Every structure is written in C-alpha cells, then in structure tokens.
Amino acid sequence: MVVPVESIGTGRRSAGRPRPVPWVAMYHSVGDCSDDPYRITVTPERLERQLAWLRRHRLRGVSLRELLAARARGKGRRLIGLTFDDGYADFLGHALPALRHWNCGATLFVLPARLGGVNEWDPLGPRKPLLSADGVRRAADAGVEIGSHGLTHVDLTRVDDATLQAEVSGSKALLTELIGAPVDGFCYPYGTIDRRAVAAVREAGYTYACAIDPGPLTGPHALPRLHIGQNDTTWRLHLKHRLHRLRRRRVEGV
C-alpha cells in the first residue's frame, strides 16, 4: 500500500501559506532489544526492513539538513527525515551499514559531555555505550549530519538559565570544534520543551530543532517526530505516517 507522499509538501503552494510539517522518524539505538524497557532499540534486521519499506514506496530517508534544504527549494516531496538520538556506539556498526545499503542519510544527535560514556540518564535497562569523540568524527566523515542533544541529557524545562545556556550554546561550540563543521540542528532531551527552551535554541543560532509532540510550539525550532521502534512493522509504519498526516497542523517556516 503506497503512502500518500503529497503530505510531505512540494513547496508549490501560494506564498505565505503554511505547509504540513515534514515527516521525521525518531530512532535511538540499533542492536539487541531483548532488554529494552524504554523501547528505544531496533534490531539491525528490523531497521533494514523499515528502510526497504521506504524504498518500495519510492521514499528516501535523509538528514534533517537535506530535508529542510530541499523543502526550501520547493522539493522534498519524497524525502523522510531520519534521526538517531543520544549517539549510541552501535550506530557505526549497525545503523550506518543499513543506511549506506539503502542510500539513506541521517542526522545523529549526540551529547558532547558524555562522549565515550553510557546512558546514565536511564535508570532502567542495560547500560549502553555511547560514541567516543573519534566515533562521532567517523560518523561525520561518512556523511552523517551531527546535531546537538545538549551536553548531558537533562530536561531543559527544569534547569536554571546558566545550565540552559551551557546545554544549548556550549554543546554547539564543542561539537563545532569536534567535527570542524557547522552544527545546525538541536534535539530536546526527552522531547520536553517550553517557550524558554525554544527561545534559547533559536538564539544560539541553530537552524532547526527537534522535539516529539510540541503542539502549539510547532515550528522550525520545535519539529515533531514519529517514534520508530522494534514493533513497527511495515504496516504500522504506514499507519503512523497516515496519523502524522491527519494530526499535525500546518506550520510556517518549514
């Protein structure tokens, strides 16, 4: 069953008329999901099948940078944003080969203050290793867009002004130095946002930012995403994308 790709937006609309927000898939870890209380992991085999589904429906996964640039040119009708949160070390061994096989791009949101560490913010489930600084550079050299997930993975709606500044602006500076290239995108930890956090991200100079379900704050610095997990068969993917089309309001600027 073919996904109605016209909802992604072609840019061929009257000037100033809001368009549907782009479809952006939210992944995390790719590996063993036998102990996965937060449902953040897909197996490499499941990821392969999900990317194959995109190809069968004449869709292609790309980075957020490529997706938004295409939409700005009036293109992007068959592009889907692929994002991977937290910067798990399994990205290089499991996700990247699948992306290459299906000619897909992606955006990887990492935590520069936790490079080489583990997911200490998750009280349940296994400790998952995170990419080292060298691993992040290897991903960037492979053509993966690197974005910031903050410094340490804290809820930005609950921190003081100094911490907010460090998490948003400080992480951007560290990653820019690490990869030697601009860092355009930000991803809110836990997907939690408020006007103060969105303003801080915008003022830090990010081109865009990703949330989960930002409601009335939806815009270039609060893009909604679809959680993709191990249980998302091709049929469930089709349903999720249809629901996205029906639920997400139109928005200016993307």
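Nothing here was measured: the structure is a model prediction, and the numbers come from that model. Computed over heavy atoms, backbone and side chain alike; hydrogens, waters and symmetry mates excluded.
- Residues Leu111 and Leu92 fall into different hydrophobic clusters, defined by Ile, Leu, Val, Met, Phe, Trp and Tyr side chains chained together at heavy-atom separations under 4.5 Å.
- Considering CZ of Arg39 and CG of Asn231, their distance stands at 7.5 Å, rounded to 0.5 Å.
- A donor-acceptor pair is defined here as one N or O able to donate and one able to accept, closer than 3.5 Å; such a pair exists between the side chain of Gln50 and the backbone of Gly229.
- Here the closest non-hydrogen pair linking Pro224 and Val24 is O-CB, 3.9 Å.
- Once rounded to the nearest 0.5 Å, the distance linking OG of Ser29 with CG of Asn119 reads 8.5 Å.
- The shortest distance between side-chain heavy atoms of Pro112 and Leu178 does not fall below 4.5 Å.
- For Gln230 and Thr41, the side-chain atoms include no donor-acceptor pair closer than 3.5 Å.
- In this structure, Asp194 CG and Arg158 CZ are separated by 10.5 Å, a value rounded to the nearest 0.5 Å.
- Looking at Phe186 and His221, their side chains never come closer than 4.5 Å, going by heavy atoms from C-beta outward.
- Surrounding CZ of Arg49 are more than 12 heavy atoms belonging to other residues, nucleotides or ligands, all under 6.0 Å away.
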Requested in this report: Begin with the C-alpha distance, continue with both residues' side-chain angles, and end with the deciding distance and a verdict on side-chain contact (heavy atoms from CB on, under 4.5 Å) for Asp85 and Arg225.
Outcome: CA-CA 12 Å; Asp85 289 10; Arg225 294 184 295 167; 2.8 Å; yes

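- In the model, Tyr88 has no side-chain atom that pairs as donor or acceptor with a side-chain atom of Asp90 under 3.5 Å.
- A salt bridge links Asp161 to Arg196: at least one charged side-chain nitrogen sits closer than 4.0 Å to a carboxylate oxygen.
- Closest of all the heavy-atom pairs between Ile228 and Ala25 is CG1-CB, 3.7 Å.
- Inter-residue side-chain proximity for Val154 and Glu167 is flagged as met; some heavy-atom pair is nearer than 4.5 Å.
- Here the side chains of Lys128 and Asp86 are not in contact, with every heavy-atom distance at 4.5 Å or above.
- One hydrophobic cluster, built from ILVMFWY side chains closer than 4.5 Å, holds both Val168 and Ile179.
- How far CD1 of Ile40 is from SG of Cys33: 10.5 Å, rounded to the nearest 0.5 Å.
- Looking at heavy atoms from C-beta onward, His227 lies out of side-chain contact with Ile212 at the 4.5 angstrom threshold.
- Asp134 and Ser132 share no donor-acceptor pair across their side chains, judged by distance under 3.5 Å alone.
- Nearest heavy atoms, Thr234 versus Arg56: CG2-NH2, 3.5 Å.
- Annotation for Val198 and Ala222: closest pair CG2-CB, 4.5 Å, computed over non-hydrogen atoms.
- The cluster map of Ile, Leu, Val, Met, Phe, Trp and Tyr, joined by side-chain heavy atoms under 4.5 Å apart, puts Val42 and Leu96 in the same cluster.
- Between His149 and Arg114, every side-chain heavy-atom pair lies at or beyond the 4.5 Å cut-off.
- Scanning all heavy atoms of the two residues, the minimum distance from Val183 to Ile146 falls at CG1-O, 3.8 Å.
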Requested in this report: Please assess Arg46 against Thr233 for the test side-chain contact (heavy atoms from CB on, under 4.5 Å), listing each intermediate value before the final yes or no.
Outcome: CA-CA 8 Å; Arg46 177 64 74 191; Thr233 61; 3.8 Å; yes

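- Residues Ile80 and Tyr27 are members of one and the same hydrophobic cluster, defined by side-chain heavy-atom contacts under 4.5 angstrom among Ile, Leu, Val, Met, Phe, Trp and Tyr.
- Because its NZ or CZ atom is both nearer than 6.0 Å to the ring centre of Tyr206 and within 45° of the ring axis, Lys172 counts as a cation-pi partner of that residue.
- Listed by chain and number, the residues in a side chain to side chain contact (heavy atoms under 4.5 Å, CB included) with Ala211 are Tyr188, Ile193, Pro214 (sequence neighbours excluded).
- Counting heavy-atom neighbours within 6.0 Å of Arg195 CZ, excluding the residue itself, gives a total of 12 or less.
- Two residues are said to be in side-chain contact when any heavy atoms from C-beta on lie closer than 4.5 Å; Cys187 and Thr83 fail this criterion.
- Between Arg55 and Asn103, some side-chain heavy-atom pair lies under the 4.5 Å cut-off.
- Sorted by first and then second residue, the side-chain hydrogen bond (donor to acceptor under 3.5 Å, both in side chains) pairs involving residues 137-148 (not counting sequence neighbours) are Thr107-Glu145, Glu145-Tyr208, Ser148-Ser171.
- By the 30° and 60° cut-offs, the orientation of the rings of His153 relative to Tyr190 is perpendicular.
- Here Trp235 contributes atom CH2 and Trp53 contributes atom CH2; the two are 10.5 Å apart, rounded to the nearest 0.5 Å.
- The two residues Ala106 and Val144 come nearest to each other via the heavy atoms O-CG1, 3.6 Å.
- Among Leu226, Asp232, Leu54, the one residue that satisfies the side chain to side chain contact (heavy atoms under 4.5 Å, CB included) test with Leu237 is Asp232.
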Requested in this report: Begin from the C-alpha positions of Leu51 and Leu82 and carry the test side-chain contact (heavy atoms from CB on, under 4.5 Å) through to its verdict.
Outcome: CA-CA 10 Å; Leu51 298 180; Leu82 299 181; 3.9 Å; yes

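- Remark: side-chain polar atoms of Arg127 are paired, donor with acceptor, to backbone N or O of Asp122 under 3.5 angstrom.
- Grouping the Ile, Leu, Val, Met, Phe, Trp and Tyr side chains by contacts below 4.5 angstrom, directly or via other members, places Trp121 apart from Val118.
- A donor atom on one side chain and an acceptor atom on the other are found under 3.5 Å apart for Thr192 and Asp155.
- Between the side chain of Ser169 and the main chain of Ala166, no donor-acceptor pair closer than 3.5 Å is present.
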Report task. Go through the steps for Leu99 and Phe84 under the test side-chain contact (heavy atoms from CB on, under 4.5 Å), then give the verdict. Result -> CA-CA 12 Å; Leu99 293 168; Phe84 292 78; 4.3 Å; yes

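- Remark: Tyr38 pairs with no residue by the ring pair (Phe, Tyr, Trp, His ring centres under 6.0 Å) rule, at least two apart or across chains.
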